Amino acid sequence: MGNRIRQVASRVGTAERDFITLGIATGAILMFVGTGGSVLPMIIRYLRGMGAAPDAMLVNALLLNIALIIFGWRRYRELTQEIAERRQAEEVARQLAETDPLTGCLNRRSISPATDQLVESSRAKGQAVAFLMIDLDNFKQVNDLNGHAAGDRILVRMAERIGSLLPAGALLARLGGDEFACVVPYDAGRPNYVDRFCEKLIDTVPAPIADPGISVLVTVSIGIASTQMVAPATAAQQPADAAKCAAEKTVAQALLHKADIAMYQAKKKGKNRHFWFEMPMELELQVRNEIESGIRKGLLNGEFEPFYEQQINLETNELVGFEMLARWHSPTLGDVSPEIFIPIAEEIGVITQLSDQLIDAALLEAMQWDPRLTLSVNISPVQMRDPWFSQKLLKKLILHNFPPHRLDLEITESCLHQNLGNVRVMITSLRNQGVRISLDDFGTGYSSLSQLRSLPFDRLKIDRSFIQELQSDTANPELIKAIISLGECLNLPVTAEGIENVQILETLKQFGQLKGQGFHYGMPESGSDVRRRLRSLKLLKHSGAGADLPILVPEDMAKSVGQTG
Ligand code: C2E
Ligand code: MG
Ligand code: MG
């Protein structure tokens with residue numbers, strides 16, 4: 001700050017001195033014209049010996065005059081040079097402030113005013129403007145894999161590729177990280193033009209990069225917002241949106257906001273594609289933001305509760321254990337399904353905290369059950385990325401004094417796509433301690449048979465979508481039979497999820513020795529409901545459990561809960 005003030009002060013000082021110099025030089029020239037006109041001829045005449053010597057004072061004045069003119073001229077040249085240098089420095093500073101040093105594109109700061117200008121000039125020509133938010137897919141992984149220097153080279157190549165496709169008059173900016181923006185004027189009646197441009201980007205940008213250190217194809221996700229969408233008429237129809245537009249001050253900011261939302265949608269729908277902004281996306285984002293902040297608050301306020309679903313030996317009808325299923329009772333959103341909040345908790349990085357809370361509560365609960373009953377818990381792929389996961393879990397078991405053989409971890413096939421080596425080490429060390437591992441939702445992912453053989457699973461759980469097909473008239477049980485015989489070949493017992501009725505149950509029973517679970521046996525229940533159920537069945541630790549687990553048919557179970565509840 002001090003430096004800046006000194007610079008400004010010195011600039012003001014220089015300007016004053018220049019003014020004085022100019023005054024002196026002008027005065028000197030005027031004097032030269034006034035005195036030189038008479039003194040110079042006198043000097044020349046004297047030098048030729050044709051006249052008397054001029055007055056020494058006048059000669060001195062003339063010499064001083066000439067010196068002043070030379071001084072003024074030199075000062076003038078210095079000044080011109082100084083101004084040129086200053087202009088150049090200002091130009092460099094402006095460029096630095098407006099462009100991204102890595103790619104030479106405009107930066108986040110300058111794209112807004114540049115967009116506003118382009119929107120204005122395009123409107124004058126009757127054109128619309130599309131704002132494209134372009135994000136490189138999985139760039140973080142590319143960076144992690146190839147190193148940051150290679151990441152930078154990729155960004156430069158991407159900028160060049162996008163730039164080479166840019167129509168005349170369009171703008172290109174790097175907003176930061178792996179995010180670019182294009183601003184493209186187009187004929188308002190022909191939005192296809194923008195679609196075609198996006199398709200060209202999606203086709204061209206991911207071409208292989210001719211760089212020995214880089215072996216990746218980087219695809220792009222694009223969100224588009226148009227000035228057609230931020231027109232006052234649209235805003236007036238949508239009061240909430242109008243308020244938002246007002247808060248966003250400029251058209252450019254509104255476009256950026258909407259394009260960002262559309263880009264998020266493109267990512268969500270599988271990446272490597274483009275999406276135009278639509279109003280429901282904004283609502284979806286609002287809901288998502290609410291869920292995000294709700295999860296964070298809920299974690300602090302203890303709003304998450306483990307529920308339990310019975311797992312039955314289908315052959316004997318015995319209750320063998322429970323699967324813990326997370327439930328969220330949000331005071332603002334009501335009961336939210338784990339299928340909604342688990343993926344968001346994973347994305348915002350709180351899944352481990354959430355799972356820890358639930359597992360702790362479930363272990364406490366399960367410690368009260370008959371020790372023959374098992375507890376299954378679902379583990380997210382994100383948790384499996386933690387190299388200390390198995391140690392932390394085993395420590396938890398010791399802390400709760402929970403026998404490892406009573407715990408069954410359900411992991412999904414997506415765990416196997418990410419660092420298979422690590423997962424194998426984790427599974428092996430957990431199994432060595434007695435914890436059992438099931439492959440959940442089998443059939444919905446892409447696990448290869450060799451993965452199935454090489455990973456030491458204890459059980460396969462057939463996804464409920466296959467089981468539920470059994471009740472349709474056109475049911476084709478061949479796939480389920482194939483999975484069950486695959487399990488037999490690999491020596492893996494199988495659990496069928498989603499048994500909703502007797503028809504499904506009876507069909508499944510014909511296929512082999514299975515465990516099963518589903519709404520046919522009752523909906524997932526809270527810990528206290530499970531305790532009540534188990535007390536009536538004498539399966540609570542302190543309720544005098546019998547030597548054998550009783551055979552339970554659904555009617556019995558409903559009755560026993562009814563009696564005690
Ligand atoms: P999942 O592990 O496959 O759990 C089974 C899901 O099927 C549960 O849904 C359960 O309520 C539902 N279900 C059980 N029987 C039937 C049936 O007969 N018919 C139908 N239509 N559905 C049935 P829920 O509780 O909504 O959980 C959904 C998924 O959320 C779970 O699928 C699991 O992947 C995940 N999840 C739940 N709790 C947790 C958790 O604590 N941690 C993690 N990482 N994921 C969890
Ligand atoms: Mg499960
Ligand atoms: Mg499942």
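Counting from 1, the numbers follow the sequence of the chain as shown. Counting starts at 1 for both ligands and their atoms, following the listed order. Note that the structure is a prediction, hence the values are computed from the model and not measured.
For Leu325, heavy-atom contacts with ligand 1 shorter than 4.0 Å involve the backbone as well as the side chain. If you look at Lys461 next to ligand 1, there are no close heavy atoms at all, none under 4.0 Å. With a heavy-atom cut-off of 4.0 Å, Asp440 touches ligand 1 through its side chain alone. Contacts with ligand 1 closer than 4.0 Å are made by no heavy atom of Leu354, backbone or side chain. Under 4.0 Å from ligand 1, the heavy atoms of Arg464 that appear belong solely to its side chain. Here Glu323 has side-chain heavy atoms under 4.0 Å from ligand 1, and that is the only part of it that gets that close.
With hydrogens and angles left out, the side-chain atoms of Ser380 and Glu346 include a donor and acceptor closer than 3.5 Å. In this structure, a donor-acceptor pair under 3.5 Å is absent between the side chains of Thr412 and Asp441. A side-chain donor from one of Glu282 and His257 sits under 3.5 Å from a side-chain acceptor of the other. Judged purely by distance below 3.5 Å, without hydrogens or angles, the side chains of Asp440 and Ser438 never pair a donor atom with an acceptor atom. A donor-acceptor contact closer than 3.5 angstrom links the side chains of Asp137 and Ser221.
Heavy-atom proximity to Ile499, at under 4.0 Å, picks out these atoms of ligand 1: 18 (O). If you number the atoms of ligand 1 from 1 as listed, the ones under 4.0 Å from a heavy atom of Glu497 come out as 3 (O).
Evaluated for a side chain to side chain donor-acceptor pair (under 3.5 Å) with Thr495, the options Arg459, Lys461, Lys515, Gln517 yield exactly one hit, Arg459. Checked options Arg464, Gln468, His520; the residue passing with Glu500 is Gln468 (criterion: side chain to side chain donor-acceptor pair (under 3.5 Å)).
Heavy-atom separations between Ser355 and ligand 1 are all 4.0 Å or longer. Assignment of Gln468 to the shell around ligand 1 is supported, since a heavy atom sits closer than 4.0 Å. Taking 4.0 Å as the cut-off, Gln517 does not count as a neighbour of ligand 1 on heavy-atom distance.
The Mg ion (ligand 3) forms the vertex of an angle spanning OD1 of Asp441 and OE1 of Glu497; to the nearest 10 degrees it equals 100°.
Checked by distance only, ligand 1 and His520 stay at 3.5 Å or farther apart across all their nitrogen or oxygen atoms.
Residue-level check: among N/O/S atoms of Glu410, OE1 sits closest to the Mg ion (ligand 2). Nearest N/O/S atom of Asp440 relative to the Mg ion (ligand 3): this is OD1. When distances from the Mg ion (ligand 2) to the N, O or S atoms of Glu323 are compared, OE2 comes out shortest.
Of the options Gln383, Glu339, Met523, the smallest heavy-atom separation from atom 28 (C) of ligand 1 is shown by Glu339. With distances taken over non-hydrogen atoms, the option nearest atom 42 (N) of ligand 1 out of Leu358, Thr352, Asn378 is Asn378.
Distance check for Asn378 against the Mg ion (ligand 2): an N/O/S atom falls below 2.8 Å.
Of all protein heavy atoms, the one lying nearest to atom 40 (C) of ligand 1 is Ile342 CD1, 3.9 Å.
Look at Lys541 and Asp370 and you find no salt bridge, because none of the NZ, NE, NH1 or NH2 atoms lies under 4.0 Å from a carboxylate O.
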Ring pair (Phe, Tyr, Trp, His ring centres under 6.0 Å) for Phe341 and Phe304? Distances and angles first, verdict last. CA-CA 11 Å; Phe341 69 79; Phe304 294 92; 5.3 Å; yes
